[in-house]
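Below: one structure, written as structure tokens.
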Amino acid sequence: LPVVATRVGGVPEIVIDGATGVLVNPPPRAEAFAAALEPLVADPRRRAELGDAARRRFVEEFVADRWAQRLRDVYDDAVTARGR
């Protein structure tokens with residue numbers, strides 16, 4: 001499913017507005033969320049597209065194995081830089 005979230009903190013780094021979900025400007029208001037949800041409710045194909053893109057992004061960027069590899073890369077870079 002696509003995500004509808006408020007554009008605060010690190011959320012915009014995770015949810016790409018219009019590609020993996022819809023971002024609503026803060027402060028969160030029921031009317032803004034309703035306006036963001038209406039097109040998704042009306043268009044099952046668009047809803048599925050956003051949901052599929054969100055799932056792909058999650059698998060590519062945010063699964064534990066990916067984060068563990070990023071952490072290893074940071075340590076490798078630090079060790080390499082220290083050896084120079």
Side-chain angles (χ1 to χ4, degrees):
L1 296 174
V3 173
V4 176
T6 306
R7 192 185 308 266
V8 295
V11 173
E13 294 174 23
I14 298 169
V15 178
I16 301 170
D17 191 30
T20 63
V22 179
L23 293 176
V24 176
N25 290 325
R29 300 206 192 297
E31 298 83 14
F33 277 101
L37 287 169
E38 281 180 16
L40 297 176
V41 170
D43 188 349
R45 190 172 73 168
R46 179 68 176 144
R47 189 170 60 238
E49 288 171 354
L50 287 176
D52 290 345
R55 175 73 178 154
R56 281 192 307 275
R57 180 163 165 74
F58 172 78
V59 169
E60 293 169 3
E61 298 293 330
F62 300 107
V63 293
D65 290 346
R66 180 71 178 123
W67 280 101
Q69 181 59 53
R70 286 180 176 163
L71 183 58
R72 282 190 298 269
D73 293 345
V74 167
Y75 283 125
D76 289 346
D77 291 347
V79 169
T80 301
R82 188 169 187 187
R84 291 183 203 165

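For reference, positions follow the sequence shown, starting with 1. Heavy atoms only: backbone and side chains are in, while hydrogens, waters and symmetry mates are out.
Across every non-hydrogen atom of A53 and A19, the tightest pair is CB-O, 3.2 Å.
For F62, the CZ atom sits in a packed shell: over 12 heavy atoms of surrounding residues, nucleotides or ligands are nearer than 6.0 Å.
No path of Ile, Leu, Val, Met, Phe, Trp and Tyr side chains, each step under 4.5 Å between heavy atoms, connects V8 with V3, placing them in separate hydrophobic clusters.
Evaluation of the side-chain hydrogen bond (donor to acceptor under 3.5 Å, both in side chains) test over residues 24-35, restricted to residues two or more places apart or in two chains, returns R7-N25. Among residue pairs with one or both ends in residues 50-59, none qualify as side-chain hydrogen bond (donor to acceptor under 3.5 Å, both in side chains); sequence neighbours excluded. Applying the salt bridge (charged side-chain N to carboxylate O under 4.0 Å, His left out) test to pairs two or more places apart or on separate chains, those with a residue in residues 67-80 are E61-R70. The salt bridge (charged side-chain N to carboxylate O under 4.0 Å, His left out) pairs that include a residue from residues 32-43 number zero, where partners must be two or more places apart or lie in different chains.
When hydrophobic residues (I, L, V, M, F, W, Y) are linked wherever their side-chain heavy atoms come within less than 4.5 Å, L1 remains an isolated member. Through direct or relayed side-chain contacts under 4.5 Å between Ile, Leu, Val, Met, Phe, Trp and Tyr, V24 connects to V4, V22, F33, L37, L40, L50.
A 4.5 Å side-chain heavy-atom check between L23 and V11 finds at least one atom pair inside the cut-off.
Scored by the side chain to side chain contact (heavy atoms under 4.5 Å, CB included) test, A54 finds T20 as partners (sequence neighbours excluded). Every residue two or more places apart in sequence or in another chain was checked for a salt bridge (Lys or Arg N to Asp or Glu O under 4.0 Å) with R82, and none qualifies.
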